[in-house]
Amino acid sequence: MTREEAQKEIEKLRKDIHYHNYRYYVLDDPVISDAEYDRLFRRLQELEEQFPDLITPDSPTQRVGAEPLEAFETVQHTVPMLSLDNAFTEEEVREFDARLHRLLQMDAPFEYTVEPKIDGVAVELVYQDGRFVLGSTRGDGVTGENITANLKTLPQIPLQLLDETLPIPSRLEVRGEVYYPLDAFRKLNEERERAGEPVFANPRNAAAGSLRQLDPRITAQRPLEIFIHGLGVIEGYTLNSQWEALEAFRAWGLRVNPLSRKVVGIDEAIDRYKELLDRREQLEYEIDGAVIKLNSFELQNRAGVRTRSPRWAIAYKFPAHQEVTQIIDIVAQVGRTGAITPVAVMKPVRIGGVEVSRATLHNQDEIDRKDIRIGDWVVVQRAGDVIPEVVKVVTSRRTGKEKKYKLPDTCPVCGARVVRLPGEAVARCENVSCPAQVKESIRHFASKGAMDIDGLGEKLIDQLVEKGLIKSYADLYFLTLDQLKNLERMGEKSAQNLLEAIDKSRNVPLDRFLYALGIRHVGEHIARVLANHFGSLDKIKNASEEELMAIHEIGPQVAKSIVQFFSEKRNLETLKKLFEGGVRIQEPQPEAGADNRFAGMTFVFTGALERFTRDEAERLVEERGGRAASSVSRKTTYVVAGPGAGSKLAKARELGIPVISEKEFLEMLK
Ligand code: IVH
């Protein structure tokens, strides 16, 4: 195949893939199967591999893979990103409408758009000649941060605008909202909780945290989504109204919220608000109100803006997911890692359709800061379906009979000492065989992503631990039919089933086994990273903190926690017992034990090397799962340059590819 032929096919493939992305992600109406799509994608990858100089940053293959940044650059918004004035009552909304009529001296009802107000993170996308060239956060409205590489990982953001039905503007700057879908958010928090990591307070924080990653590969793992709702700048095409803009965005392949409507007059706008309020609970994302915007751009311009918000739009907010109720008691709950969490037990209330009777108080500092006492009337909030929390105390309802609360010095379950390490907000029970911790760790061990032991539920675990039949998860593999069949609500048949489920779990892939162990900070993802990198439990057991930290995605805290886990005698004994109980680990195939530190990376050597020949250096890269290439392209991860380096070095500089010395390369081999 000639370069010209390849170029032609590549262009066709990219166009097709962009179109099918649009069908799938924006219209939610794919016209080809996933398998066909994969085939197109793989063909493109293949051709780009053969002709790396034909790779462009807007190719669908280039969504992930940018190198981590040191820090975000700042970006000046061409037009400031304003915020919105809020209205909380119908009266305030009518006043907004009346004000506009006075200001514009018009009597006829206005056309408005009514759009869901997405509770996410505001971003700006810039398209130059249809190509996505810059993405940024709102920042202070005037200057934001350049998060282009992160935004490129969202499949819903087209890298190239479509020109099927409308011509593409030469420049387009649009605003939208990135959000974390609720289902995925719940899963994320569950995983973090199990890994002993702090949970996100709400989906918005999760979205913000995911977007502000310096490493786009982490953002790529988060299922972020986006809706585009506003225009910043447009050149080379004319739009006359907000509604026209939304329709044009959709035609260009940008994702627009399907619940947006055009209405006439403020009454219709208020009706639409009520409809959205009704739909709120069924949506897969959080909305916190409706945005009412004057439709005509001409009228918008005449109405003008204030310092921070436009006069032509208002956010009509929904009542918060909050209720007021009374705290009956505060209890201390012990988690798998021994963390002791104060929990408020409250008079049950319904919040957004869900009955709530417990709320987390997080830790002692939070209780002190909010001055929460037993007997207090409090505002309780359910944010994005996470564990409800107490927002504040209604101090005006205090009677003087409320009681202050202090977390106990001893564990409420086992009576052992509770310690709070300096710098940590969390207090922990020190007793590793505390029944509460043991139960939690067994529950985790048996859970779906871990050993997946069917039928080993919470109640059963409680019984097994309380009757002294098991003291750790390793004991599960020594349970007998006689022991089980005499338990409450357990017949011979279900005992038999449970034993079978336990037996089935004896054969387990390394990553799931690692996750099951319950090492702090080792969630499902990190477990997979470890398993793939080291390939065997022995290698992980013997890894030093430095070796662990050399792996991308493993930071000092995680590395420390892993080393600590495998240095504790008790844990080593548990491992031994697991193996005695018949647990067999399946190691990842086919590259078991391989050193894959350079997986996914491409190196180019140029200039003279002192320590080895070019061939040796390239072999060293390949042995570690990397690729050595002879020419520099956007796919190159590092250029290793020695004295006398010439055009390849220049090319690397031009493309912004990191250039390292032979000495630095040697460091990477260590
Ligand atoms: S229009 C000048 N429309 O709400 C107009 N904003 O409090 C400004 N938001 O920063 C924004 N959904 O990030 C608009 N349909 C929508 C929106 C929306 C969510 C966010 C936006 C803005 C904030 C204003």
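Start at 1 and go down the list; that is how both ligands and their atoms are numbered. Keep in mind the model is a prediction, meaning the values are calculated, not measured.
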Heavy-atom distances under 4.0 Å are what count here, so tell me which part of R175 touches ligand 1: side chain, backbone, both or neither.
neither

Test side-chain contact (heavy atoms from CB on, under 4.5 Å) applied to W243 and S260, step by step
CA-CA 9 Å; W243 190 250; S260 300; 4.2 Å; yes

Tell me: protein heavy atom nearest atom 8 (C) of ligand 1, and distance?
L82 O, 3.8 Å

Which one of A122, A315, G176 has a non-hydrogen atom at the shortest distance from atom 10 (O) of ligand 1?
A122

Does V291 approach ligand 1 within less than 4.0 angstrom via side chain, backbone, both or neither, non-hydrogen atoms only?
side chain

Please work out which of K317, K117, Q242, K293 has its closest non-hydrogen atom nearest to atom 3 (N) of ligand 1.
K293

Please find out if less than 6.0 Å separates the ring center of F110 from that of H101.
yes

Nearest protein heavy atom to atom 6 (N) of ligand 1, by residue and atom, and its distance?
H229 CE1, 3.4 Å

Atom 12 (N) of ligand 1 - nearest protein heavy atom and its distance
I118 N, 3.1 Å

Using a strict cut-off of less than 4.0 Å between a Lys/Arg side-chain nitrogen and an Asp/Glu carboxylate oxygen, indicate whether R261 and E268 qualify as a salt bridge.
no

For ligand 1, note which part of P116 has a heavy atom under 4.0 Å away: side chain, backbone, both or neither.
backbone

Using heavy-atom distances, let me know which of E177, E115, M81 sits nearest atom 20 (C) of ligand 1.
E177

Report yes if the side chains of K152 and P216 come closer than 4.5 Å at any heavy-atom pair, otherwise no.
no

State whether any protein heavy atom lies less than 4.0 Å from atom 22 (C) of ligand 1.
no

Fit a plane to each ring of F227 and Y179, take the angle between them on a 0 to 90° scale, and name the class: parallel (under 30°), tilted (30 to 60°) or perpendicular (over 60°).
parallel

Should P310 be listed as contacting ligand 1, given a heavy-atom distance under 4.0 Å as the test?
yes

Any Lys/Arg nitrogen of K12 or D16 sitting under 4.0 Å from an Asp/Glu carboxylate oxygen of the other?
yes

Should I168 and Y127 be marked as a side-chain contact (heavy atoms from CB on, under 4.5 Å) after you check the CA-CA gap, both sets of side-chain angles, and the distance that decides it?
CA-CA 10 Å; I168 288 175; Y127 287 87; over 6 Å; no

Under 3.5 Å, is there a donor on one side chain and an acceptor on the other for Q160 and R131?
no

Give me the residue, atom name and distance of the protein heavy atom closest to atom 5 (C) of ligand 1.
L84 CD2, 3.8 Å

